[in-house]
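Structure first, commentary second.
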Protein chains: 6
Amino acid sequence: MKKIITFGELLLRFSTNIGERLFQTDQIYSHFGGAEANVAISLAKFGHKVYFVSKVPKNPLGYAAEKHLKTNGVHTEYLRTGGDRLGTYYVESGVGPRSAQVVYDRKYSSISQLALRDVDFEMIFSGAALYHVSGITPALSPSLKETVLYSLQKAKQFGVTTSFDFNYRATLWSQQEAAIAFQTFLPYVDICSCGELDARYLLGIEPTGDTLEKREQLAYYYQQIQLMYPNIQWLYCTFRDVISASTNILQGNIYTNGTLYQSKMHPIDQMVDRVGGGDAFAAGILHGIMREWAPEEIAAFATAASVLKHTIRGDYSNFTESEIRDFIHTTPGKIVR
Amino acid sequence: MKKIITFGELLLRFSTNIGERLFQTDQIYSHFGGAEANVAISLAKFGHKVYFVSKVPKNPLGYAAEKHLKTNGVHTEYLRTGGDRLGTYYVESGVGPRSAQVVYDRKYSSISQLALRDVDFEMIFSGAALYHVSGITPALSPSLKETVLYSLQKAKQFGVTTSFDFNYRATLWSQQEAAIAFQTFLPYVDICSCGELDARYLLGIEPTGDTLEKREQLAYYYQQIQLMYPNIQWLYCTFRDVISASTNILQGNIYTNGTLYQSKMHPIDQMVDRVGGGDAFAAGILHGIMREWAPEEIAAFATAASVLKHTIRGDYSNFTESEIRDFIHTTPGKIVR
Amino acid sequence: MKKIITFGELLLRFSTNIGERLFQTDQIYSHFGGAEANVAISLAKFGHKVYFVSKVPKNPLGYAAEKHLKTNGVHTEYLRTGGDRLGTYYVESGVGPRSAQVVYDRKYSSISQLALRDVDFEMIFSGAALYHVSGITPALSPSLKETVLYSLQKAKQFGVTTSFDFNYRATLWSQQEAAIAFQTFLPYVDICSCGELDARYLLGIEPTGDTLEKREQLAYYYQQIQLMYPNIQWLYCTFRDVISASTNILQGNIYTNGTLYQSKMHPIDQMVDRVGGGDAFAAGILHGIMREWAPEEIAAFATAASVLKHTIRGDYSNFTESEIRDFIHTTPGKIVR
Amino acid sequence: MKKIITFGELLLRFSTNIGERLFQTDQIYSHFGGAEANVAISLAKFGHKVYFVSKVPKNPLGYAAEKHLKTNGVHTEYLRTGGDRLGTYYVESGVGPRSAQVVYDRKYSSISQLALRDVDFEMIFSGAALYHVSGITPALSPSLKETVLYSLQKAKQFGVTTSFDFNYRATLWSQQEAAIAFQTFLPYVDICSCGELDARYLLGIEPTGDTLEKREQLAYYYQQIQLMYPNIQWLYCTFRDVISASTNILQGNIYTNGTLYQSKMHPIDQMVDRVGGGDAFAAGILHGIMREWAPEEIAAFATAASVLKHTIRGDYSNFTESEIRDFIHTTPGKIVR
Amino acid sequence: MKKIITFGELLLRFSTNIGERLFQTDQIYSHFGGAEANVAISLAKFGHKVYFVSKVPKNPLGYAAEKHLKTNGVHTEYLRTGGDRLGTYYVESGVGPRSAQVVYDRKYSSISQLALRDVDFEMIFSGAALYHVSGITPALSPSLKETVLYSLQKAKQFGVTTSFDFNYRATLWSQQEAAIAFQTFLPYVDICSCGELDARYLLGIEPTGDTLEKREQLAYYYQQIQLMYPNIQWLYCTFRDVISASTNILQGNIYTNGTLYQSKMHPIDQMVDRVGGGDAFAAGILHGIMREWAPEEIAAFATAASVLKHTIRGDYSNFTESEIRDFIHTTPGKIVR
Amino acid sequence: MKKIITFGELLLRFSTNIGERLFQTDQIYSHFGGAEANVAISLAKFGHKVYFVSKVPKNPLGYAAEKHLKTNGVHTEYLRTGGDRLGTYYVESGVGPRSAQVVYDRKYSSISQLALRDVDFEMIFSGAALYHVSGITPALSPSLKETVLYSLQKAKQFGVTTSFDFNYRATLWSQQEAAIAFQTFLPYVDICSCGELDARYLLGIEPTGDTLEKREQLAYYYQQIQLMYPNIQWLYCTFRDVISASTNILQGNIYTNGTLYQSKMHPIDQMVDRVGGGDAFAAGILHGIMREWAPEEIAAFATAASVLKHTIRGDYSNFTESEIRDFIHTTPGKIVR
């Protein structure tokens with residue numbers, strides 16, 4: 001089996017109980033997470049041989065982060081240790097009309113101190129089939145921006161399929177900074193997660209003057225992106241209708257060969273934990289592409305994977321392919337006994 | 001006061017916190033439950049003198065099961081002890097679109113090892129007014145199948161009103177096996193809980209070719225059942241519209257003397273625990289019949305009892321008759337102070 | 001900064017976990033609360049200098065009650081100690097269709113034993129800008145009824161703006177008793193919280209024969225009240241549409257100078273704790289009036305403050321003015337990161 | 001089987017987690033308890049037919065208190081309902097060197113409002129073998145003091161064995177008040193729990209001038225008490241050596257026919273909950289006397305019952321006679337598998 | 001690296017909170033455990049390549065059991081799936097003088113249904129260095145008794161070092177049955193865990209008439225065993241002085257070449273979880289033998305490993321070799337910062 | 001009332017449940033703490049007007065840290081905001097023989113980025129009576145080392161009594177670095193907390209060749225220190241005998257005018273949380289000195305304050321002076337009711 005590589009930061013997350021503000025009580029919940037690590041775990045759960053590239057400190061927090069990956073089936077041979085600290089963040093859980101609030105404490109993290117020379121991408125990409133990274137990684141330090149570009153170029157040299165998820169975070173850098181960086185990456189990207197706002201504000205694509213449905217508008221943006229970067233084979237994103245922090249409606253979109261495929265719309269009520277929902281979707285898309293499923297099947301699968309993630313506490317989806325298929329084919333909410 | 005008898009298995013249930021998968025954390029919740037035991041407890045709570053017939057092992061699990069009954073007002077003089085083990089089962093709680101998952105570990109349970117000669121039904125039915133058993137009990141072993149048939153026949157000999165709830169469980173036996181067994185029971189049944197799928201797949205009644213509303217379709221099935229088994233005086237079931245694992249709409253149906261009576265439709269949001277909802281409904285029906293209420297009142301009461309059960313953790317409903325009446329007559333969700 | 005004074009009872013509340021009945025498990029949650037104390041805390045959080053007038057026993061419960069106020073920024077110089085006990089109450093949390101149930105154990109509380117001569121209102125009102133009390137306080141004892149009347153009269157003598165919230169509690173006194181008391185208070189009130197039922201059953205205002213929308217009906221009642229008590233400058237209340245104990249729709253109303261202003265309607269799903277929702281609304285109204293905002297802005301702010309309160313466990317709102325403004329200007333439920 | 005009667009207050013207790021002060025977090029534990037009710041439950045657990053005489057309010061707290069008794073096998077036919085409130089108390093759990101702190105909120109409780117005429121002692125004592133009451137009950141109100149005296153006299157008239165436990169509580173009344181009351185009771189008492197301090201300060205018995213061991217000193221006091229009240233057949237108490245709130249050494253004493261019998265000394269480490277330890281001891285003594293065991297056997301059993309109580313959370317001992325016997329005959333702390 | 005093989009049952013354990021009896025509350029803790037699995041995990045943690053041979057059902061309980069092993073670094077290629085159920089057991093946690101109580105529900109477990117032909121020991125033992133099994137495995141069924149004997153013989157054929165831990169469980173079989181079985185195994189055993197009671201009651205070795213110290217007595221027994229089974233190179237056990245369920249004193253013993261080596265005595269106070277303490281000791285011994293440490297070093301290490309296990313919740317020790325060494329070389333209880 | 005100033009870092013601490021390793025479950029406990037902040041809180045609790053000088057980030061973690069101080073009565077006017085992050089640390093709770101493990105993540109904290117010019121010590125010390133800082137603060141950055149020296153000099157200029165606690169942390173700097181820094185501070189110190197190891201390894205004082213008792217040895221060291229720094233009026237430390245992580249024996253020492261005063265020895269069993277024990281002791285010493293108590297009374301009080309801290313979860317002692325006095329005068333562990 002060929003390797004899958006993901007590259008990014010692994011963070012320690014603290015979150016409150018539903019209905020409690022940060023530090024309202026002295027009890028808090030801890031989970032390990034991070035966009036590319038979540039994707040890695042889902043892909044490992046689907047049966048792939050996945051390696052996570054990152055750097056964690058040499059202390060019990062770093063060891064626990066590494067154990068988190070191993071427990072969930074991800075290979076850690078390419079995980080560097082050292083540096084100053086493990087990034088952390090805090091989530092005040094949202095509920096009903098009240099939004100979740102996120103506070104980051106990720107500055108000076110070990111991975112942000114990673115230098116290009118610290119990673120042997122030639123060794124990593126030899127025997128690899130797929131490489132996934134998101135727009136969070138280059139935002140963490142200038143050195144990582146350089147490293148991400150290098151890694152994408154190297155991956156293409158080694159014939160590895162590349163996957164890039166925009167994941168723009170306004171708290172890490174400006175739109176302008178991100179736009180410049182992303183535009184250097186995209187010529188080396190085969191599969192790309194990006195939404196309407198990304199297309200508009202980071203790639204500078206103007207909406208058509210015509211009154212279009214949401215679906216048609218997205219197709220238009222994706223068409224434009226492929227004109228700019230004909231190397232991109234797949235584009236994908238979700239439509240999320242936020243009724244409240246507890247109720248969302250989710251629909252998955254995937255675009256290839258000039259056609260946009262959509263999953264059905266999934267209402268999600270009494271949402272448990274939204275963090276990692278996008279990563280579960282990305283992992284579903286990548287799994288489908290690796291398995292060469294039909295685009296409509298990929299959209300259905302990835303969206304179902306994401307929906308299920310919203311119903312469990314923690315950052316990553318630990319559902320198997322067969323559990324996700326069962327979910328697609330049965331009435332949501334029916335007791336199974 | 002005349003005795004009410006129920007006969008079945010008492011199990012120990014383990015369930016997860018909402019939002020957690022089985023064994024995601026080391027904390028789990030334990031409750032005692034079982035269809036006929038839940039009915040017994042509700043009827044005891046309504047003021048009846050109820051006896052539960054079963055068999056539990058002679059160990060702390062069996063003693064705890066017995067205490068569970070006593071605590072909730074059920075008489076345990078007819079509870080046999082001995083045999084190998086107490087059946088258990090595991091519920092991964094569902095939430096939002098994700099269904100609950102049930103794993104049974106009930107094989108070789110003490111009650112499944114019960115022999116016909118172990119129970120003195122003559123003594124049990126003397127002075128009894130009502131006997132209730134469900135289709136789970138005969139599914140547990142050939143010996144219990146024989147015992148259930150015998151018990152229904154004996155009950156009729158003693159002039160006891162008999163109540164049978166189909167409760168077909170596909171994990172315990174095939175439709176064909178259940179169909180054969182149930183058809184031997186029905187000639188001795190006065191009150192019967194059975195739904196559309198039961199009528200069609202276990203009693204072999206074909207749907208009418210006409211386009212009927214759900215309500216008319218059910219009335220048609222019940223009419224056919226009474227043609228087959230004129231001894232059955234009452235038929236009942238709920239319509240459950242599963243929006244998600246957290247949101248259901250429930251409506252109760254009861255059929256007697258050729259007429260179908262329906263409760264209003266109750267939306268249930270943020271559902272806490274669905275297990276035992278059907279048992280609470282059955283207990284409400286039986287209570288109403290014992291009290292000789294009007295059918296529409298029975299339907300309203302039983303449905304309300306079931307709705308309330310969905311809002312509390314655990315297998316049985318511990319609401320009193322007056323609490324259920326209050327619920328019927330006030331706006332659901334209004335704070336009472 | 002001028003002082004704000006509120007006067008009322010501080011209680012210790014016990015509440016169950018969602019999905020559990022009272023004493024179903026041995027774990028229960030404790031919070032301090034009370035209508036006027038909750039208003040005091042919100043106003044302190046908004047930056048005012050707030051004093052709470054009350055009486056608590058000289059024991060660890062009284063000390064904890066006092067600490068609760070101090071922790072939340074309320075001045076306790078006017079808090080008397082002594083008397084027999086701290087009032088308590090028990091809330092069986094409602095969920096979905098099942099209503100919350102409240103059991104009071106507040107008889108013989110220290111504040112109910114407070115005599116008029118125990119409080120030096122001249123000292124308290126000197127340098128004060130606003131005085132707030134609700135209809136719960138006079139219901140606690142004849143002596144408190146007399147004290148409330150005296151305090152309102154005294155406040156007006158000192159040029160203090162007075163605020164009165166009907167807060168009629170049927171478990172404390174009859175409509176007739178309350179009506180008589182409230183009608184003696186109203187001539188001294190500048191700002192008044194009262195709803196349709198209050199207008200009708202406590203002030204004896206008949207509905208118009210015409211078929212009016214809810215909004216017009218309320219405007220009519222408020223018009224009538226101002227005819228009876230021209231001293232009242234502001235009238236306010238919320239419309240609460242109770243879908244279930246977990247889902248409400250909330251809209252705020254404020255009336256001044258002959259015009260009724262309404263907030264938009266806020267759906268609240270997966271409600272966490274409804275207790276104190278009205279107090280958060282009142283505090284928002286008072287804050288807006290103190291700040292001399294436009295009426296529509298006051299309505300929007302106060303309703304948002306109340307909505308947010310419903311999403312956290314505990315009796316009082318601890319959101320700052322800027323958090324509430326953020327809530328008004330962002331999509332409810334969007335993750336903030 | 002003849003009846004056993006106990007008479008006293010049933011309270012709702014709130015306690016903190018070990019290592020937390022009162023209201024340090026919003027989580028607290030609730031249990032029902034009360035000296036005579038705890039004795040009643042232990043005796044019921046030992047197989048006796050026990051009735052508890054008391055008064056609880058007609059509200060969900062009162063119903064829960066009644067359910068607590070029934071769940072634990074105590075008959076509640078003589079439990080009156082009505083009055084103002086259920087007494088409560090708060091325990092800040094002690095640990096290591098830090099003592100537990102108790103705050104009572106029991107004033108105006110329903111039982112304290114009980115009048116002599118409210119209880120039909122003739123009916124209650126007819127068919128009874130044993131009557132137990134403690135010195136807490138008469139301390140609650142003048143009316144209860146009168147009622148306790150009357151009840152003891154009445155019990156003797158009906159040939160019922162009487163048991164009185166001093167249980168002097170300095171927060172309820174002065175030594176002088178208690179002394180006067182107790183001395184009117186003792187002429188009607190057959191079995192009496194009283195310790196050295198009781199003998200000295202409530203019965204006015206001076207210590208001997210001689211240097212005596214603790215054991216000899218106690219025997220001396222008991223000798224003197226029997227000289228004063230020759231009707232008392234049995235006297236008992238524990239020696240408790242308080243190393244810390246977590247570590248005690250317990251030894252039981254029982255005196256009859258001029259001889260003092262002692263259990264062995266039981267070290268108790270990592271104590272879980274001390275409340276109710278004395279009641280478990282009293283119940284063990286009464287059970288032994290009822291069963292006519294040898295005094296040394298009674299002392300061993302009662303002390304073991306008390307030791308086990310210290311190892312579980314909650315107010316009463318729910319160990320069976322056979323579990324207590326097993327404890328006596330095995331090495332404490334050995335795993336049983 | 002050569003393989004290590006262990007063979008036994010993996011169970012699901014439920015345990016109460018400290019201070020709570022079984023089913024006193026509805027909250028319970030679940031862990032996976034089992035003697036040979038615990039040894040496997042510790043050895044994997046120490047850096048060995050360990051395989052666990054067993055059989056678990058094809059259901060979520062079986063999958064979770066398998067995940068438990070993988071998460072902790074144990075290879076599961078030789079784990080068979082199928083059969084009726086996963087064995088479970090219940091632990092009522094002991095504390096202070098009260099012993100823990102264990103209730104087993106392991107009858108009909110999948111492994112007990114394993115047949116000799118189901119396991120390919122030739123494949124398993126090829127490339128293996130060490131094979132460990134305990135006396136629990138053969139007690140589970142006649143077929144397993146046969147399989148254990150066969151496996152030990154096969155291991156010796158393949159030149160694998162064999163390790164056998166008596167682990168006699170009186171609830172599984174009689175002393176006589178165990179004695180017969182064990183005596184057939186011992187001729188094929190190189191390393192053996194057995195204590196004084198084992199030597200006396202299962203191997204029939206009489207104590208010397210002389211008054212010997214505990215240490216000398218054990219040396220005598222081990223000498224006798226080696227006379228009977230000269231193939232046994234290593235014998236080991238712990239001395240456990242049970243002060244209470246919370247306080248034990250532990251000392252490790254290992255015997256080889258005619259000399260008994262002892263660790264120092266480790267007092268353990270405020271013990272958290274005793275289950276698995278013996279398995280942690282066995283794993284420490286086996287690790288030391290594999291690493292060819294000096295016997296005194298092995299005794300020190302294995303005892304330290306066992307002591308640390310007593311301080312954490314759960315069945316297995318997850319301490320690394322370096323953490324155990326740190327523990328040996330620092331003052332127990334000193335804060336490390 | 002004159003001001004008391006303390007200066008140091010405020011950290012967010014995460015700790016595990018007793019019996020759990022870091023990240024063994026997803027539940028963790030959070031508290032705010034820090035040596036000088038803990039001292040500040042205790043002194044505020046004792047009735048002083050205390051100000052804490054520090055720097056915390058402008059984010060919800062910083063706001064929560066500030067609220068922690070205010071809630072506990074400490075003035076925050078001199079708390080600067082800004083900088084990169086709030087320091088955090090993780091405690092794996094020790095129990096029995098297993099030590100607690102601390103992992104720091106405090107690098108790049110806001111306070112470590114504080115520059116000398118950021119603090120207006122002239123304003124701070126005007127009207128101040130006492131200034132307390134510990135050896136942790138100068139270890140955090142070169143700039144803080146400079147700032148601490150400057151602050152001590154400035155304090156002396158303003159006639160403020162100065163207090164310095166060695167608090168040497170080997171993870172922050174080497175003995176040599178600390179020694180150099182501390183020796184520049186000591187000429188400006190009036191009250192000093194330092195132990196035997198500090199005297200020996202940081203001040204280079206050799207032990208006497210004579211065989212001295214522990215007490216005499218300490219007196220000798222203190223004598224030598226006063227010879228070196230005659231400005232130091234008071235020296236103090238505790239003797240801590242670590243039996244295990246759960247059992248310590250604590251004794252307080254204070255030295256002044258050539259005499260060493262000692263408290264009695266306090267055994268602490270079932271220790272809850274050792275963190276902050278030294279800070280509670282320091283606060284007790286400073287309180288006693290401020291109140292001009294006799295040295296033996298100071299030693300008794302400070303040690304009692306420290307002992308009580310060990311019995312509660314969290315970093316600081318929230319006991320009042322009168323609670324500490326009660327503890328001194330009653331038998332430890334006696335229930336107070």
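Basis for what follows: all heavy atoms, side chains included, without hydrogens, waters or symmetry-related copies. Residue numbers begin at 1 in each chain, while the letters A, B, ... track the order of the sequences.
Looking at A:L86, only its backbone comes within 4.5 Å of chain F, counting heavy atoms on both sides.
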Tell me which donor-acceptor pairs, judged by distance alone and kept under 3.5 Å, run between chain F and chain A, one pair per line.
residue, atom, partner, partner atom, Å
F:D26, O, A:S30, N, 2.7
F:D26, OD1, A:R313, NH2, 3.4
F:D26, OD2, A:H31, NE2, 3.4
F:D26, OD2, A:R313, NH2, 3.0
F:I28, N, A:I28, O, 2.9
F:I28, O, A:I28, N, 2.9
F:S30, N, A:D26, O, 2.7
F:H31, NE2, A:D26, OD2, 3.4
F:D84, OD1, A:K107, NZ, 2.8
F:D84, OD2, A:K107, NZ, 3.4
F:D84, OD2, A:Y108, OH, 2.4
F:R85, NE, A:D105, OD1, 2.7
F:R85, NE, A:D105, OD2, 3.2
F:R85, NH2, A:D105, OD2, 2.9
F:D105, OD1, A:R85, NE, 2.7
F:D105, OD2, A:R85, NE, 3.3
F:D105, OD2, A:R85, NH2, 2.9
F:K107, NZ, A:D84, OD1, 2.8
F:K107, NZ, A:D84, OD2, 3.4
F:Y108, OH, A:D84, OD2, 2.4
F:R313, NH2, A:D26, OD1, 3.4
F:R313, NH2, A:D26, OD2, 3.0

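For F:F166, the ring pair (Phe, Tyr, Trp, His ring centres under 6.0 Å) partners are F:F164, F:F182, not counting sequence neighbours.
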